[in-house]
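Before any comments, here is the structure.
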Amino acid sequence: MENRHLGEQIVFGPFCLSPGERLLTKDREPVPIGGRSLDLLVALTERPGQVLSKRELMKRVWSDVVVEDGSLRFHMAGLRKLLGDGEDGARYIATQVGVGYAFVAPTERVDPAGDMPAVPSSPSIADVIETGVAANSTNLPPRLSNLVGRERDIRLLKEQADRARLFTIVGPAGVGKTSLAIEIAHQAAAEFGGSIAFVDFSMLENPAIVPSMIVGAMGLTVEGEDALAVILGHVRGRRFLLVLDNCEHVMEPTATMVERIMDEAPGIRILATSRETLRVRGEHVHRLDPLGYPEDPDTLAVKEILTFPAVELFCERAAAADSALDVDEKAIRLIAGMCRRLDGMALPIELAAVRAATHGIAATARQLGERFSLGWLGRRTAQRRQQTLQATLDWSYDLLSDLERIVFERLSIFVGPFSIDAALDIASDEAIGLDDVAVALDELISKSLVNANRSSGAGMYRLLEMTRAYAREKLRARGADYTAAAARHASFYLRELEAVAGQDEQALEDSEPLRLQLGNIRHALDWSFGKDGDRKVGVRLAAASAPVFLNLSHLIECQTWCKRAMAEIEGAPRELELELQGALGIALMFTRGNGTAAGDALDRALDLATGLEDRWNQLRMLARLHIFHKRLGNYAIAQAHAVRAVEVATQIGNDEALSVAFSLSGISRYLAGNLVRARQELELAMEKSGPSLRSRTIRYGFDNRSRTGIALAYTLWLLGEPEAAGRLARQTVREAAQLQHGITHCIALVWSLVIHLWMNDFTAAEEALAVFTESAESNALDPYIAAASGFRGELAFQREGTPAALDAIAESLAGLRSARYELLIAPLTIMLAWDLLLTSRLQEARALIEAAVSRCEAIGELFVMPELLRIKAEIAYRLDGDATASETLLREAITLAREQGAVAWERKSSANLAALTSTHAS
């Protein structure tokens, strides 16, 4: 920049900037401007149209000091005010949210001395916007300064323009049809030599004067009665672009005129916008979809979120309404959530953005979440029907027949997508038949009030959120009709859910159809247990939906509805209570720990299954009770449940049943230290289990094959086969991940973590821990969240040797005890004890191990005893200097390990004994 001619000036609007003289003038009069603001202006105008990052600007302007973002925002706001940015349509500085700023006004560089010709600047954002010849002789409305997210639509329409004389842009209210049509017309102005007319039918109430409206838009006069003849006389034999906006309420006369004009004026091109197609010869339809928005912004980085057009539009409109608006990462995520709630619809997004500029982003997001607002005001200059969502939708609603209005309102009872069967069932009654509903639905789809899923043959439909909110208010106003529709809705989804139980495994393997119906299931439950609902239907719904919530890992929700139903259970069939108690027990166990309520629920479910002589449900509840008591440390009770499970499975005589039963028995065997028998039973369970199927998680609350596989991997490690154990652990985790079932994934991950750590494979452990933590937190599995912090502490200690990391393990152990999750106590205790020895905290290590030995002896957790004895021997030698006691303990550990078949523990103790003997022999 130092080589730039000292006398060079940069001219933009009424301003002239002389960087060499550090002077800014407006209409040749000096403008008072601070040094920092002038430096900012120079930096921005040197590279017009390019976004300069905040860091780059701060480095350039504050090279001598360190400043915060706030200083940049303060000076930028002052500079904008000084330039009059935003006044009378003037735009100078644009904000790229989260990135930086760009100078967007057209600029020209001149040399007053005359030895440098005028040099046009590099193309700026404004230059790009103004591409094409202005249609000065037309009545085209001004184009938007930046039509966000419509590049593909513009390209497609321009590519097909030569072969299509009539294009209709079709889409729901507020999607942005008019803005796109205006942009296309501006870009085509040069091609048509300014011969363009824009007709806005939204201002027309009498369809009979459609021809006169077109004549007026063309700037013509009609002296006789035949306006169409005047139009044809003007366009016949010449190229002309006719833009017909908002045709939906004048379809018949418009369609008639369009066909006649196209027949007699081959040079004319017509671009129409409507909420439904014109249905005339030669019509090509471009369906305008909403702007793209992130479905799950929490899984994306801010940089990725900002690439979505809906988010970009919100940020741009909010910044235009308040140039000083500060948008940080939290705000970006709130904006993304609002864009998702608004279905990517341009008009609602603009209205929400204006609201956010006034009331704040957080407050706007909260208000939108509490109640979809149809009354927020937008631009004062917008057409009246587009100043609020209420007005926009009133426009569409008023065009419907009485039948279409009733069906439209009843369809608002759905939350999310719905099938044609659901629509016919819920929108029909004694007065409105199935055929009537089918015809009305077709009309509502054609009028863009109902969206049909065109991406597949799924036959699913939905109302956009703003449309549903509008129709729901209309339905509520009908009183009894709302109650009747809600009752039919609840009954329909009850039948659907109860039918799920009878489907085969293959039909249940794809969880997406169930996930898509969660909104409708929740709404049906809400209504059933609400003031005007049907409690009996609610109890059945809760029981039928519990397996779905478990399958989709929505455990907190499962608890909520099961408890709600249990409060209304009196008089209900025992089968319903069985399902509710079983689901409640396992949901409580994994989210709140192994408390009394979880055990009581599972015990009651088993009693009910036994009383009903329902062997499959007995096996299901025994499997859940086994894992409950195993986690609780009640290994004798768990073993008793395993024995009973084998008896029940033998009676059933099915491979799946035997696989579950032998898995329970094998797990109990390894916990008791009978590793050889454990391996046999676990391998038999794997042989009979068949592939992992997500559908089976509905039965047990977890995938039996994954749980068996990770238990076998653990057993193989203890048996002295680390490579086989590692391979099986990784394979099991991969298979569990494919099921996309939170509980199953966490069960596999937590024990693979133990295996990786005991094998000193810290890289594998870190990878597993990251996934385990995310899965535990996203599914609100509190005991696993507590365990994750302990493993994190162990890895930190192994990597960095920081003594403070041991506090995390101790806190994790305390959290596990609080949750009554005893199963992980021993592995984490062993890790902590060795870490204490490494940091010479010998007394703490002794106290920890003495308590662990007593605990394991009391509950029968014998598989870890050899390792506890080895640690005890190390403490005796290092703390007391008692080699004899140490040797005795090591020999005891070796003997016990051999009895168990625990080759891994035997090798470790034998190595310690050899080292001890060698030291004292020398």
Side-chain angles (χ1 to χ4, degrees), residues 295-301 509 511-512 514-515 518 547-559 583 586-594 598 624 627-628 630-631 692-698 700-711 713-714 726 728-757 761-796 808 812 815-816 819 821 823-824 827-828:
E295 291 283 355
D296 189 0
D298 291 338
T299 64
L300 302 175
E509 200 55 28
S511 64
E512 194 57 27
L514 291 174
R515 196 181 303 279
L518 278 178
V548 174
F549 288 124
L550 289 177
N551 181 264
L552 299 177
S553 298
H554 293 299
L555 303 187
I556 300 296
E557 210 164 355
C558 184
Q559 288 177 50
I586 199 164
L588 286 169
M589 173 172 56
F590 280 106
T591 58
R592 296 289 178 259
N594 304 291
R624 297 180 186 188
I627 198 171
F628 172 79
K630 185 190 76 167
R631 289 158 62 97
S692 291
L693 295 174
R694 184 187 177 95
S695 55
R696 292 181 182 172
T697 65
I698 290 179
Y700 308 107
F702 52 85
D703 175 52
N704 176 65
R705 180 179 176 84
S706 297
R707 184 170 177 241
T708 305
I710 204 65
Y714 198 67
L728 182 55
R730 287 188 288 272
Q731 176 187 331
T732 302
V733 168
R734 283 195 301 270
E735 291 178 359
Q738 290 171 358
L739 296 179
Q740 296 183 322
H741 186 253
I743 292 175
T744 294
H745 201 193
C746 282
I747 289 173
L749 283 164
V750 72
W751 293 106
S752 72
L753 261 168
V754 176
I755 293 169
H756 293 319
L757 285 168
D761 188 348
F762 299 128
T763 300
E766 284 179 338
E767 292 173 358
L769 177 59
V771 181
F772 176 63
T773 303
E774 192 279 330
S775 185
E777 291 178 349
S778 63
N779 291 290
L781 307 178
D782 289 351
Y784 285 140
I785 293 171
S789 66
F791 289 123
R792 195 174 301 111
E794 174 63 13
L795 277 168
S812 174
L816 292 171
Y821 185 15
L823 192 58
L824 280 173
L828 282 169

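- Considering only heavy atoms from C-beta on, Leu588 comes within 4.5 Å of Gln559 through its side chain.
- Side-chain atoms of Thr708 come within 3.5 Å of backbone atoms of Asn704 as a donor-acceptor pair (strictly under, hydrogens ignored).
- Between Pro827 and Trp751, the closest side-chain pair of non-hydrogen atoms falls below 4.5 Å.
- The two residues Phe628 and Met589 have their closest heavy-atom pair at CA-SD, 3.3 Å.
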Intermediate values then yes/no, side chain to side chain contact (heavy atoms under 4.5 Å, CB included), Phe791 and Thr773: CA-CA 10 Å; Phe791 289 123; Thr773 303; over 6 Å; no
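- With contacts defined as side-chain heavy-atom distances shorter than 4.5 Å, the pair Ile627/Arg707 qualifies.
- Looking at every heavy atom in both residues, Gly709 comes nearest to Leu728 through O-CD2, 3.5 Å.
- Scanning all heavy atoms of the two residues, the minimum distance from Leu550 to Ala587 falls at CD2-CB, 4.5 Å.
- Under the 4.5 Å side-chain criterion, counting only non-hydrogen atoms from C-beta, Arg592 is in contact with Ile556.
- If you take NE2 on His745 and CD on Gln738, they are separated by 10.0 Å, rounding to the nearest 0.5 Å.
- In this structure, Leu824 and Ala787 approach most closely via the heavy-atom pair CD1-CB, 3.6 Å.
- Under the 3.5 Å distance criterion, the side-chain polar atoms of Ser812 are left unmatched by any main-chain donor or acceptor of Ala808.
- A distance of 5.0 Å separates CG of Leu823 from NZ of Lys630, quoted to the nearest 0.5 Å.
- Put simply, CG on Asp782 and CG on Leu816 are 11.0 Å apart, with the number rounded to the nearest 0.5 Å.
- Atom OG of Ser706 is separated from atom CZ of Arg734 by 12.0 Å, given to the nearest 0.5 angstrom.
- Once rounded to the nearest 0.5 Å, the distance linking CG of Leu518 with NE2 of His554 reads 5.0 Å.
- Leu757 has its side chain within reach of Phe762: a pair of non-hydrogen atoms, C-beta onward, lies under 4.5 Å apart.
- Side chain of Ser789 to main chain of Ala786: a donor-acceptor pair is present (N/O by atom type, distance under 3.5 Å, no hydrogens or angles).
- Scanning both residues, Leu753 and Ala765, for their nearest heavy atoms gives CD2-O, 3.3 Å.
- Between Ile747 and Phe590 the shortest side-chain heavy-atom distance falls below 4.5 Å.
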Stepwise side chain to side chain contact (heavy atoms under 4.5 Å, CB included) check, Leu555 with Ile743: CA-CA 10 Å; Leu555 303 187; Ile743 292 175; 3.5 Å; yes
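- The closest side-chain heavy-atom distance from Glu794 to Leu828 is not below 4.5 Å.
- Interatomic distance, OG1 of Thr744 versus CZ of Arg705, reported as 13.0 Å (0.5 Å rounding).
- In plain terms, the two heavy atoms of Thr732 and Ala748 that are nearest each other are CG2-CB, 4.2 Å.
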